[in-house]
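What follows is a single structure, written as structure tokens, with notes after it.
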Amino acid sequence: MVRVRTPDVQSRPGRTAVFVATLTLAVGLTACGQAADSGAAPDQGDVAGESVKIGLLLPDTITARWENFDRPLIENRIAELCPDCTVEYANAQGNVATQQRQMETMITQGVDVLILDAVDPKALQNSVRNATEVNVPVVAYDRLAEGPIAAYVSFDGAEVGRLQGEVLLEAMGGKADGGQIVMMNGDPADPNSDWFEEGARSVLEGKVKIGKSYDTVGWRSDVAHVNMAGAIAALGPDSIDGVYAANDALAFGVISALKANHISPLPPVTGQDAELAAVQRIVEGEQTMTVYKPFEPQAEAAAAIAVALGRGEPAEAIAEDEIDNTTDEDIPAVLLTPIAVTVDNIVDTLVKDGMYTIDQICTPKYASACERAGLTT
């Protein structure tokens with residue numbers, strides 16, 4: 001179980017906007033090396049500062065966000081904060097051994113700091129320890145890595161699960177009192193999966209019956225499809241009133257299994273990550289919701305902490321929260337607040353933030369659904 005502590009003075013709701021402003025100021029002062037009594041804007045030489053070599057390790061290409069959003073956002077922000085810094089990038093394609101080798105290679109090549117989204121946090125524990133022993137701090141990104149990490153940047157996983165559970169119950173209507181659901185949880189190797197499930201169960205237990213609950217290896221939609229087909233066979237096609245799917249890839253597998261079994265109307269199905277295909281499913285009425293985790297503030301926090309650590313500066317100036325993993329306590333952390341997205345607030349969240357345009361969502365295939373939902377340019 002993850003233990004989190006946040007400063008009492010900080011309000012959790014709406015924190016994202018405040019965090020971006022605070023982060024910009026903190027990094028501006030830290031990265032630029034501005035003297036406290038100076039008052040003058042630093043020149044470009046001050047901004048560039050000491051060159052830092054940063055390793056960025058992402059887990060897979062199954063989840064669209066890593067390559068489409070996180071990688072370019074992190075790389076671009078590092079370039080803005082530190083024009084002389086360089087980024088070495090590697091994607092593990094879901095393979096633990098590959099990521100271990102990638103970490104070893106980057107350390108051998110002289111990186112100053114690592115941003116790590118671990119394929120399997122427990123399996124990478126020794127690699128994290130090895131990096132720390134040679135003075136290469138590790139910033140755990142999105143997934144809480146084990147071992148002596150220097151900082152952690154993610155969203156509040158329990159809140160993600162609570163949002164999913166609350167929207168699911170609302171969508172179930174009268175069946176939210178005693179109805180039966182299936183839980184399609186994430187990869188058991190990912191500590192976020194337990195965090196999401198814990199938050200969801202805090203809302204769902206005592207309200208509905210959990211008929212079946214599955215872990216989904218690798219966050220794979222095909223595994224979710226097989227598991228959902230098994231749940232339908234075991235429980236009966238007319239006995240499933242809702243499905244908790246931990247992310248959008250799993251939601252896709254769940255929905256495909258429901259449709260393959262000719263279940264109509266579809267029961268409410270949750271999701272997470274605000275993938276474009278999921279947003280289109282929401283517009284079409286196949287998926288009930290997704291959880292939007294604004295990637296930009298998360299990426300900016302990781303970039304800022306990595307630059308600071310690479311220059312020998314503390315993470316605490318940026319990471320105001322604290323978190324424990326199974327090996328260490330009081331780890332500096334940035335924990336952002338997620339947002340539930342349904343068909344009713346797509347414009348006010350995803351479109352407003354520039355994540356997608358109406359045209360990207362409302363392709364010809366979804367034109368009539370978009371019109372019914374009021375999504376028009």
Side-chain angles (χ1 to χ4, degrees), residues 2 4 6 10 12-27 54-60 63-81 87 89 91 113-118 121 138-145 149-161 163 186 190-192 195-196 199 219 246-248 272-275 290-309 315-323 331-341 349-350 352-356:
V2 176
V4 180
T6 58
Q10 190 162 22
R12 300 292 294 172
R15 179 179 172 193
T16 298
V18 176
F19 169 75
V20 172
T22 305
L23 175 62
T24 302
L25 176 60
V27 173
I54 298 170
L56 172 60
L57 299 121
L58 295 182
D60 59 61
T63 302
R65 60 169 286 192
W66 306 131
E67 295 289 335
N68 293 343
F69 296 101
D70 297 81
R71 177 187 177 183
L73 286 168
I74 290 171
E75 291 178 339
N76 291 340
R77 187 56 175 160
I78 288 172
E80 291 172 357
L81 296 174
V87 178
Y89 173 70
N91 190 301
V113 60
L114 290 168
I115 299 173
L116 170 67
D117 193 337
V138 177
V139 180
Y141 186 75
D142 201 70
R143 298 173 184 175
L144 183 59
I149 57 175
Y152 176 54
V153 179
S154 190
F155 281 77
D156 185 333
E159 181 64 14
V160 170
L163 289 175
D190 181 349
N192 282 348
W195 209 2
F196 302 148
W219 292 96
N247 78 351
D248 293 334
Q272 178 186 179
D273 290 332
E275 293 184 359
T290 188
V291 176
Y292 171 41
K293 300 183 294 188
F295 305 130
E296 186 170 1
Q298 184 182 9
E300 288 193 351
I305 291 172
V307 170
L309 289 172
E316 286 82 352
I318 301 164
E320 298 181 350
D321 299 329
E322 290 182 341
I323 195 166
I331 300 163
V334 171
L335 299 176
L336 299 165
T337 304
I339 301 166
V341 174
T349 53
L350 303 178
K352 182 180 178 181
D353 283 4
M355 187 166 181
Y356 304 120

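Being a predicted model, the structure only gives us computed values, none of them experimental.
- Here Phe69 pairs with Phe295 under the ring-ring contact (aromatic ring centres under 6.0 Å, His included) rule; sequence neighbours left out.
- Phe196 is linked by a ring-ring contact (aromatic ring centres under 6.0 Å, His included) to nothing, counting only residues two or more places apart in sequence or in another chain.
- By the side-chain hydrogen bond (donor to acceptor under 3.5 Å, both in side chains) test, Asp60 is found to be paired with Trp66, residues two or more places apart in sequence or in another chain being considered.
- Residues passing the side-chain hydrogen bond (donor to acceptor under 3.5 Å, both in side chains) test with Asn68, sequence neighbours excluded: none.
- Looking at Asp273 and Lys293, their side chains come closer than 4.5 Å, going by heavy atoms from C-beta outward.
- With sequence neighbours excluded, no residue satisfies salt bridge (Lys or Arg N to Asp or Glu O under 4.0 Å) with Glu275.
- In terms of the side-chain contact (heavy atoms from CB on, under 4.5 Å) criterion, residue partners of Ala118 (sequence neighbours excluded) are, by chain and number, Gln99, Leu116, Pro121, Leu124.
- No donor-acceptor distance shorter than 3.5 angstrom exists from the side chain of Tyr141 to the backbone of Leu56, with no hydrogens or angles considered.
- Glu316 meets the salt bridge (Lys or Arg N to Asp or Glu O under 4.0 Å) test with no other residue; sequence neighbours excluded.
- Looking at Pro294 and Leu336, their side chains never come closer than 4.5 Å, going by heavy atoms from C-beta outward.
- Applying the side-chain hydrogen bond (donor to acceptor under 3.5 Å, both in side chains) rule to Asp117 yields no partners; only residues at least two apart in sequence or on another chain are considered.
- Put simply, the side chain of Gln272 gets close to the backbone of Ala246: a donor and an acceptor are under 3.5 Å apart.
- With sequence neighbours left out, the side-chain hydrogen bond (donor to acceptor under 3.5 Å, both in side chains) criterion links Asp248 to Gln287, Thr290.
- Under the 4.5 Å side-chain criterion, counting only non-hydrogen atoms from C-beta, Leu58 is in contact with Tyr89.
- No side-chain donor-acceptor contact under 3.5 Å links Asp353 to the backbone of Met355.
- Considering only residues two or more places apart in sequence or on other chains, Ala315 meets the side-chain contact (heavy atoms from CB on, under 4.5 Å) condition with Ala151, Ile305, Leu309, Pro332.
- With hydrogens and angles ignored, the 3.5 Å screen pairs no side-chain donor or acceptor of Asn247 with any backbone N or O of Gly186.
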